Amino acid sequence: MQQKIRVMVVDDSLVFRSWLVQSLSSDPRFDVVGYAVNALDAKNKLPMLKPDIMTMDIEMPGMSGLDFLKEVLPSHPVPVILVSSLNVRVFDALAAGAVDFVRKPEEGQREAFLLSLKAKLAMGSSARVRLPQQAPSLSAPAAASLPRTAFTPSSLPGAGIDLIAIGASTGGTEAILEVVRHFPAKMPGIVITQHMPPGFTAMYSERLNRICKLEVKEAQHGDKVRPGLILLAPGGLQMRVVRMGVGYSVSCTNEEKVSGHRPSVDVLFNSVASIAKNRAIGVILTGMGADGAAGLLRMRKAGAYTIGQDRDSCVVYGMPMEAHKIGAVCQQASLGNIHQLVMARLAKA
């Protein structure tokens, strides 16, 4: 018999906390070993309860969830799934070591919320907690204040590469940042799909834009893929790369989920394989499940150079593992080395 996953629930709302404890307790996969009414209460109870994983709100009176992660996680590295309303501090909490997040449900969304949360708890209980070493600060000088020049393809490194496609899920917000913040402003266009609900993608793109040398924006239907620009797939829509004259643009449409996701990495990678073929680079990063593996294989078969994040540097070695297993990855690398592989490939192109 499989051992139950020990869960601790942390939320200052009595009504929501009670409902969540009851909902998780009714699932035979989970054992709710306790709850906390705020982060300070969680800090005191954690050594005694020894959960496999925690759910935690961010905004709580007294010690916030973010304060908890910064203060407690280094000595007690337990996986934390954020359960929060739409809040820019989610990304600070992910940078501080939280594994993943689920948006608090609105009326009529509780069933979908529970399905998502339970899947993340089941996978996240064995996730690798990665504590920040030198995480870029949002208060750091904004890269967006630096001049961003338009570049012609002939002036770019890797003039034979038209675009770079990146896909990620659990742990991906920090993994993507770690890759793209090293890129110079002179780069081919970059398209990214990160599993994320509506609203959060706009905030995440703004965060990347403040830190990176490249311009970053949440993609809109019809946006041109151009040098010096990163387009992030909007939450709740499927994003594809499509031909536009001699170049490319993105199509962002409200369609069914693919591989259980909207946006889906497979949708993006399949479109790049069809349109850009050997003039593309594909990168698959940390995440649970297999979304993106089949699409990356199509990219490789079409002649693209493909990179997968290695096991040791992943929060969850799911998507890159599945891609590696089916032969979709030309080369595996640690998170800290992926940007170097991309730049080396551009130098050869």
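Index from 1, following the sequence. All values below were derived from every heavy atom in this structure, side-chain atoms included, with hydrogens, water molecules and symmetry-related copies excluded. In this text the structure is predicted, and so the values were computed from the model without any measurement.
Closest of all the heavy-atom pairs between Cys252 and Met239 is SG-CG, 3.9 Å. When every heavy atom of Pro79 is checked against every heavy atom of Ala127, the shortest pair comes out as CG-O, 4.0 Å. Taking each heavy atom of Arg207 and Ala95 in turn, the nearest pair found is NH2-CB, 3.8 Å. Considering all non-hydrogen atoms of both residues, Leu335 and Glu178 come closest at CG-CG, 3.7 Å.
Aromatic ring orientation, His339 versus His182: parallel (interplanar angle below 30°, classes split at 30° and 60°). Using the six-membered ring where Trp is involved, His195 and His261 have ring planes that are parallel, under 30° apart on the 30 and 60° scheme.
Hydrophobic clustering, with ILVMFWY side chains joined whenever heavy atoms are under 4.5 angstrom apart, groups Ile81 together with Phe113. A continuous path of ILVMFWY side-chain contacts below 4.5 Å connects Leu49 to Val129, so both sit in one hydrophobic cluster. Linking Ile, Leu, Val, Met, Phe, Trp and Tyr whenever their side-chain heavy atoms come within less than 4.5 Å puts Val216 and Ile338 in one cluster. Following chains of ILVMFWY side-chain contacts shorter than 4.5 Å, one cannot reach Leu296 starting from Ile176, and the two form parts of different hydrophobic clusters.
For Gln331 and Tyr305, the side-chain atoms include at least one donor-acceptor pair closer than 3.5 Å. A donor atom on one side chain and an acceptor atom on the other are not found under 3.5 Å apart for Ser313 and Arg130. Checked by atom type, the side-chain pair Glu218/Thr201 shows a donor-acceptor distance below 3.5 Å.
The pair Asp57-Arg17 does not meet the salt-bridge criterion, since no charged nitrogen lies less than 4.0 angstrom from a carboxylate oxygen.
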- Task: Verify side chain to side chain donor-acceptor pair (under 3.5 Å) between Arg298 and Ser274, making sure each step is shown before the conclusion.
- Result: CA-CA 8 Å; Arg298 281 196 64 193; Ser274 298; 3.0 Å; yes
